[in-house]
Amino acid sequence: MEGTVFTPALEGMKYVKPEGVMLTKPFLDVCKQILPIIEKFGAAMALVKSDIGGNVTRLENKYLSNPTKYNHLYSMVQEEVDSKTAKSSSSCTNGLLWLTRAMDFLVELFRNLLEHQEWAMSQACADSYAKTLKKWHGWLASSSFTVAMKLAPDRKKFLDIIGGTGDINTDIVKFCSTFPPFLEENHKFLASVGMDGLKAS
């Protein structure tokens, strides 16, 4: 593997907001490029992976139905807000919200792995979950998540696997500094249309 598992996603981030506007396809492509990283976690992240994959597919299908109309990421959300369908559990708005939250969790997790060298992977996962997704999850989702985190792989093995031929620490730093501004922008936009506080149904 040339570079680390982060290399394709870091490369893709250059195209997400070229002229000050978030573009749909490049953003979704970066999210898809993060899936192989999640795969390396094995069973511990199966829930997160299927959640991210499902939300990317939902947004991508909408985009592909009219790439010109939905070239800007927030155009599909605005359309749903205007037609009062944004709060539906199958809406693209809901998809973008949960996709962004799942990415918040991953950023926090990799930040923990960098900043807390002494933490076991399960502790890094639990702390990230508590800081990000937990407040939005109901009891059932929260319980499933907590059980899954106990299956987290060995920290050193995991970092060796995702490191490839690159410098994994440098790439994690880049990921944790380059990706969050896009996520913050998503939250800001969703908050501006009253959709950032939705809890899991």
Side-chain angles (χ1 to χ4, degrees), residues 1-18 20-60 63 73 95-133 145 148-149 151-187:
M1 174 173 68
E2 233 3 80
T4 71
V5 287
F6 284 102
T7 305
L10 290 170
E11 189 54 38
M13 284 179 204
K14 296 174 188 164
Y15 308 104
V16 173
K17 198 181 164 187
V21 181
M22 295 274 283
L23 299 180
T24 307
K25 190 175 185 312
F27 178 73
L28 295 178
D29 284 347
V30 167
C31 293
K32 281 201 283 195
Q33 283 150 347
I34 290 168
L35 286 173
I37 304 170
I38 303 168
E39 226 156 61
K40 307 289 186 217
F41 276 96
M45 290 284 176
L47 281 170
V48 178
K49 183 171 173 277
S50 72
D51 198 44
I52 289 173
N55 286 322
V56 167
T57 303
R58 181 189 305 184
L59 293 161
E60 200 168 42
Y63 166 75
L73 184 59
L96 179 63
L97 176 64
W98 284 100
L99 178 59
T100 303
R101 286 173 176 173
M103 293 298 164
D104 288 336
F105 163 70
L106 290 172
V107 167
E108 200 56 52
L109 173 54
F110 283 105
R111 205 172 268 149
N112 275 342
L113 289 176
L114 271 187
E115 292 173 5
H116 301 281
Q117 301 287 334
E118 74 288 1
W119 283 9
M121 181 68 91
S122 54
Q123 186 178 356
C125 287
D127 180 80
S128 313
Y129 180 65
K131 284 182 188 157
T132 56
L133 287 167
F145 216 92
M149 290 300 126
L151 305 169
D154 174 74
R155 176 196 177 108
K156 186 182 178 318
K157 256 190 222 151
F158 173 74
L159 290 172
D160 286 347
I161 291 169
I162 67 171
T165 59
D167 178 348
I168 190 61
N169 281 353
T170 301
D171 276 6
I172 291 176
V173 169
K174 279 187 204 155
F175 175 73
C176 290
S177 60
T178 314
F179 200 39
F182 300 138
L183 303 177
E184 281 157 28
E185 190 152 333
N186 286 354
H187 284 302

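Position 1 is the first residue of the sequence, and the numbers go up from there. These figures come from a predicted structure and were not determined experimentally. For the numbers below, each heavy atom of this structure counts, side chains included, while hydrogens, waters and symmetry mates do not.
Relative orientation of the F6 and F175 rings is tilted, given thresholds of 30° and 60° on the angle between their planes.
P180 is listed as a side-chain neighbour of R111, based on a closest heavy-atom distance under 4.5 Å. Between V16 and M22 the shortest side-chain heavy-atom distance falls below 4.5 Å. In this structure, N112 and K131 have side chains that are in contact, with non-hydrogen atoms separated by less than 4.5 Å. Side-chain contact between I34 and I52 is absent, with no heavy atoms from C-beta onward closer than 4.5 Å. At a threshold of 4.5 Å between non-hydrogen side-chain atoms, the residues F182 and M13 count as touching.
Sorted by first and then second residue, the salt bridge (Lys or Arg N to Asp or Glu O under 4.0 Å) pairs involving residues 157-168 (not counting sequence neighbours) are K156-D160.
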Inset, instruction - Verify side-chain contact (heavy atoms from CB on, under 4.5 Å) between M103 and N186, making sure each step is shown before the conclusion. - result: CA-CA 11 Å; M103 293 298 164; N186 286 354; over 6 Å; no
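Atoms CG and OG1, on N55 and T100 in that order, are 9.0 Å from each other to the nearest 0.5 Å. The line from CG of D171 to OG1 of T7 is 5.0 Å long, rounded to the nearest 0.5 Å. The distance from the OH atom of Y129 to the CG atom of L109 is 14.0 Å, given to the nearest 0.5 Å. Summarising the geometry, atom CD1 belonging to I172 is positioned 8.0 Å from atom OG1 belonging to T4; distances are rounded to the nearest 0.5 Å.
Between the side chains of H116 and D127, no donor N or O sits under 3.5 Å from an acceptor N or O.
Residues M45 and C125 approach most closely at CE-SG, 4.2 Å, considering heavy atoms. Contact record, S128 with A124: OG-O, 2.6 Å, taken as the closest heavy-atom pair. Between G95 and L59, the shortest heavy-atom distance links the atoms C-CD1, 4.1 Å.
One finds no salt bridge joining D104 and R101 here, because no Lys/Arg side-chain nitrogen approaches an Asp/Glu carboxylate oxygen to under 4.0 Å.
For F41, the ring pair (Phe, Tyr, Trp, His ring centres under 6.0 Å) test picks out F158, with sequence neighbours left out.
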Please tabulate, for side-chain N and O atoms in residues 24-33, each donor-acceptor pair with protein atoms closer than 3.5 Å (sequence neighbours left out).
from: T24; atom 1: OG1; to: Y70; atom 2: O; distance (Å): 2.6
from: T24; atom 1: OG1; to: N71; atom 2: O; distance (Å): 3.1
from: T24; atom 1: OG1; to: H72; atom 2: O; distance (Å): 3.3
from: T24; atom 1: OG1; to: L73; atom 2: N; distance (Å): 3.1
from: K25; atom 1: NZ; to: D29; atom 2: OD2; distance (Å): 2.9
from: K32; atom 1: NZ; to: E60; atom 2: OE1; distance (Å): 3.4
from: K32; atom 1: NZ; to: E60; atom 2: OE2; distance (Å): 2.5

